[in-house]
Amino acid sequence: MAFSHQSIEAKWQRYWEENKTFKTSDDDLERPKYYALDMFPYPSGSGLHVGHPEGYTATDILSRMKRMQGYRVLHPMGWDAFGLPAEQYALETNKHPREFTQANIDNFRRQIKSLGFSYDWDREVDTTDPAYYKWTQWIFIQLYKKGLAYIDEVPVNWCPALGTVLANEEVVDGVSERGGHPVVQKPMKQWMLAITKYADRLLEDLEELDWPESIKDMQRNWIGRSEGADVRFSVDGSEQTFTVFTTRPDTLFGATYCVFAPEHELVDKIATESQRAAVNAYRDEAAAKTELERTELQKDKTGVFTGAYAVNPVNGEKLPIWIADYVLASYGSGAIMAVPAHDERDYEFATAFDLPIREVVEGGDISEAAYTEDGPHTQSGFLNGLYTDEAITKMIDWLESEGKGERQVTYRLRDWLFSRQRYWGEPIPVIHWEDGSMTHVSEDELPIELPEMDEFKPSGTGESPLANATEWVIVEDPATGMKGRRETNTMPQWAGSCWYYLRYIDPDNPDALADWEKMKAWLPVDMYIGGAEHAVLHLLYARFWHKFLYDIGAVPTKEPFQRLYNQGMILGENHEKMSKSKGNIVNPDDILETHGADTLRLYEMFMGPLDASIAWSSNGLDGARRFLDRVWRLVADENGALRSVIQKDADTDALAKTYHETVQKVTEDFENLRFNTGISQLMVFINECYKQEAIPASFIEGFVKLLSPVAPHIAEELWSILGHEGTIAYEPWPVFDESYLVEDEVEIVVQINGKVRSKLIVPADIDKEELEKRACEDEKVQEAIQGQTVRKVIAVPGKLVNIVAN
RNA sequence: GGCGAUGUGGCGGAAUUGGCAGACGCGCUUGACUCAAAAUCAAGUGUCCUCUGGACGUGUGGGUUCGAGUCCCACCAUCGCUACCA
């Protein structure tokens, strides 16, 4: 008979809630700690997706196992509830975002609770709660005070349809991620955070982290540190000078022209009369291009000659200065020296515009293509004969001694565009005064709460809807009577998620982010699991804030997340990404109804490796349920009583080896997030039990404990049936006895020329010579090598014997 | 184009200090139970052949080795990230 998942799950969820089974104490400091963190969800209107429980189940298994192993465990959940979707919805329905955000949170909470996760719900955080964002604003003020938050006029992604500015990550293929509206470039005053000041440390400290190498690589690439030199050129016949950044200063003798980004500040000053019209036309054209057009048109190089010439600092040659949009204003100095012989982009440009190409590194054929490999330098004065590394060093030394340049490091990483022109975000706690000055709000006035508003339409001018809340915006300094306007920009969604893992540690603290001693007791996060889509931005931003907080003495560790793991995606049954339009979405609520939470948890963990993207299979789900039914029937009879096959004093011999192997493998596999193979071992154990006449109760109890992190409801119920009171959640985790794992006799494979021809049962401790002898005496071996000469015998004790004969 | 990852039965996947390829699950086949079906239990299930045996087999082609899914070289395919970063 199948167990009734609905009554069992309801019963135990109620029990855990009423008994506060998973309430985490901040005492017990003598026990080792374990902080298992999930990437908290954005509570969308469509509710939980089957992808959510995958990562949540993984951390829940670890949390439950660690509790049973005697750890004090911090395992919290919360809501990343600010964000653009809510704002869009508010615009469409004219409802306050808070209302339906609250409703969405309630729905998410209900769904998550119904899956039986062992969160300490007393630590729930919500980024839209003023008591929470008070501290988000506090962190901003600290950044501001250190000069790391500043206003700059930068070209931003302006989306006319949404009436707001978007971050790069919200623009996909030149259109807005939400809605697919066109996006254009427009210069605007924006808040920026100086993450680039932390670039080196963000890069270096990756080394100490136990993260997937691929994620570290993505962060390294994103930071994009490159070493090279700044080289100063003067403009011929003018006082103007400009700097270029190059990673190949050794090729300076091969420079045949220079290129400025169209937006470069010098363009206006140096363009000659005859070229001015063409230059202006090109620049207007480039400015009008959207991101999409720039990327689509990247195939063909375009550009215009400015009419001006630069003077090469190493040999005084005059080099024509061009403008071209293949040079980016935002990287390096926005100007380059072009060495077409040894740079593919410059080669392409030089070929298109018939500019000279001069070889300075031997080894390639520059009539065919740019040569970017190493080789002896030529036509390069004091560098002749040197290879690249030496030539770079020597050139930089020369530039520095001549005062014409210096060693330089450049990053691809840009400062973080931090303002959003939206209502539904944390207000930036800054006031602009009528005398033109600007101050941050005093810390004791925090939080600056969002004003109540009836409408959430963007102002259309690029200002946020907050600009319409006149009463809120206009302030007067009680001391001086000076009037001012509050900053109307709000923070991006990334802000609240940058530090939520700190707030879980001390969620109700009114005086600090979190208590220092409590942070010392819990940080860093031991395991952080979430989707790979956050591999770069969220994780880099959070690391940046954490390092900053460390610098001002607000947190005790350099890094927030010691171990990170990215779960894969669950695809639809048709192997495609789940989406409404494809109609292949699986709703967890439905699965809970038909199969139960334990089955869903078990299935998602058994599908395959946690980091793989695997298609949903309803047959596979049925199989998971079948296993739980099989476990249930092994232990309980039709009336829910313990079956007689399970006996206190049953002979342990037949099952001991399998049992101890199971304890060992499951423990190791769970620890290393190999849930699929751990579960398969649980299945092996149950298959073995079904072959027994009698099963020792102690083994079944151990098994139920091993199962409990994956399928906690059924495990609790079985634990009761086995005659125990209360919860299994803190029962000691089973240990295995090594002595049951070693066998007296082992099976050895005998190969002839690498092919298995026979098998031997020999004592486990047999030595090499004896093993070899027994293998050669084997009947089948004798038969097989008849008439052949044995050339060589390889004997590996405990494994195999390979006889080479012909 | 660059960086990274992955290619194993009909399907999801196991196997990593190089040592019996295909654990476990799904699906399928057969049998038991049943009037019947479902469920359950039992047996089987990589491909091929001349079937008490044997040959072949981990994307393709080479190589190292007594022995390669595993190591090396070249290539092909798929996925992720990044896209003129000087």
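Chain letters run A, B, ... following the sequence lines, proteins first and then strands; every chain starts at 1. None of these values were measured; they are calculated from a predicted model.
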Under 3.5 Å side-chain donor-acceptor pair for D230(A) and Q408(A): yes
When the nearest nucleotide of RNA chain B is assigned to A329(A) and to D217(A) on a heavy-atom basis, which residue is associated with the more 5' position? D217(A)
Which residue lies more 5' along RNA chain B, comparing S613(A) with R412(A) via nearest heavy atoms: S613(A)
Classify the ring geometry between Y541(A) and W494(A) as parallel (under 30°), tilted (30 to 60°) or perpendicular (over 60°). perpendicular
Counting heavy atoms from C-beta on, name the nucleotide in U82(B), G12(B), C41(B) closest to the side chain of R633(A). C41(B)
With a 6.0 Å cut-off on the ring centroids, do Y257(A) and F349(A) count as close? yes
Heavy atoms from C-beta onward define the side chain here; which of C3(B), A86(B), C81(B) lies closest to that of M218(A)? C81(B)
Measure from the side-chain heavy atoms of N221(A) and tell me the nearest of A86(B), G13(B), C3(B). C3(B)
Whole-angstrom distance between U70(B) and A86(B), as gauged at atom P: 36 Å
Separation between the P atoms of G67(B) and A15(B), rounded to whole Å: 26 Å
Please tell me whether F675(A) and F670(A) form a close aromatic pair, meaning their ring centres lie under 6.0 Å apart. yes
Taking the same atom, C1', in G44(B) and in G63(B), what whole-Å distance lies between them? 40 Å
What is the nucleic acid contact for S330(A), judged by heavy atoms within less than 4.0 Å: base, sugar-phosphate only, or nothing? nothing
Distance between P atoms of U47(B) and A37(B) (Å, rounded): 27 Å
Selection from C41(B), G4(B), A86(B) that lies nearest to any side-chain heavy atom of S214(A): G4(B)
Would Y282(A) and T302(A) count as having a side-chain donor-acceptor pair, cut-off 3.5 Å? yes
Euclidean distance, atom CD1 of residue I752(A) to atom C1' of G54(B) [Å, nearest integer]: 14 Å
R625(A)/D622(A) ion pair, N-O < 4.0 Å: no
For the pair made of NZ in K301(A) and C1' in G1(B), what is the distance, rounded to whole Å? 11 Å
When rounded to the nearest Å, what value does the distance between P atoms of C48(B) and U40(B) take? 30 Å
Do the rings of W322(A) and F353(A) sit parallel, tilted or perpendicular, given the 30° and 60° boundaries? tilted
With the side chain defined as heavy atoms from C-beta on, Y326(A) is closest, among A86(B), C84(B), G12(B), to C84(B)
G59(B) to G9(B) separation - P atoms, rounded to the nearest Å: 8 Å
Could you work out which one of C41(B), A86(B), C66(B) sits closest to the side chain of Y690(A)? C41(B)
Figure out the CZ/P separation between R220(A) and C3(B), and round it to whole Å. 15 Å
Once base and sugar-phosphate atoms are separated, protein heavy atoms under 4.0 Å mark nucleotides 19-27 of chain B, 5' to 3', with B, S and - as BB--BBSSS
For C76(B), glycosidic torsion class - syn if within 90° of 0, otherwise anti: anti
Rounded to whole angstrom, note down the P distance from A32(B) over to A38(B). 14 Å
Candidate list I321(A), V244(A), T243(A), test side chain to side chain contact (heavy atoms under 4.5 Å, CB included), partner F233(A), passing option: V244(A)
Just how far, in rounded Å, is C1' of C81(B) from CD1 of I215(A)? 9 Å
Gap between atoms CG and C1', on D669(A) and A14(B) respectively (whole Å): 11 Å
Is the glycosidic torsion of G54(B) within 90° of 0, making it syn, or is it anti? anti
Grab the CH2-C1' distance between W222(A) and G80(B) for me, whole Å please. 14 Å
Using both pair distances under 3.5 Å as the test, note the stems of at least 3 consecutive Watson-Crick or G-U pairs that include RNA chain B. B:1-7 with B:76-82, B:10-12 with B:24-26, B:27-32 with B:40-45, B:46-49 with B:53-56, B:59-63 with B:71-75
Looking at every strand, decide which applies to R225(A) at a 4.0 Å heavy-atom threshold: base, sugar-phosphate, or nothing. nothing
What are the two closest heavy atoms between N676(A) and P609(A), and how far apart are they? ND2-N, 3.6 Å
When you compare the side chains of N687(A) and R630(A), does any donor N or O come within less than 3.5 Å of an acceptor on the partner? yes
Nearest-angstrom distance, P atom, C66(B) to A74(B): 24 Å
For M337(A) versus D346(A), what's the shortest heavy-atom pair and its separation? O-OD2, 3.9 Å
Picking from G13(B), C81(B), A86(B), which would you name as closest to the side chain of I614(A)? G13(B)
Can you tell me how far P of U40(B) sits from CZ of R625(A), to the nearest Å? 11 Å
Does the plane of the ring in Y603(A) sit parallel, tilted or perpendicular to the ring in W616(A)? Use 30° and 60° as the thresholds. perpendicular
From CG of L571(A) over to P of G80(B), roughly how many Å is that when rounded to an integer? 10 Å
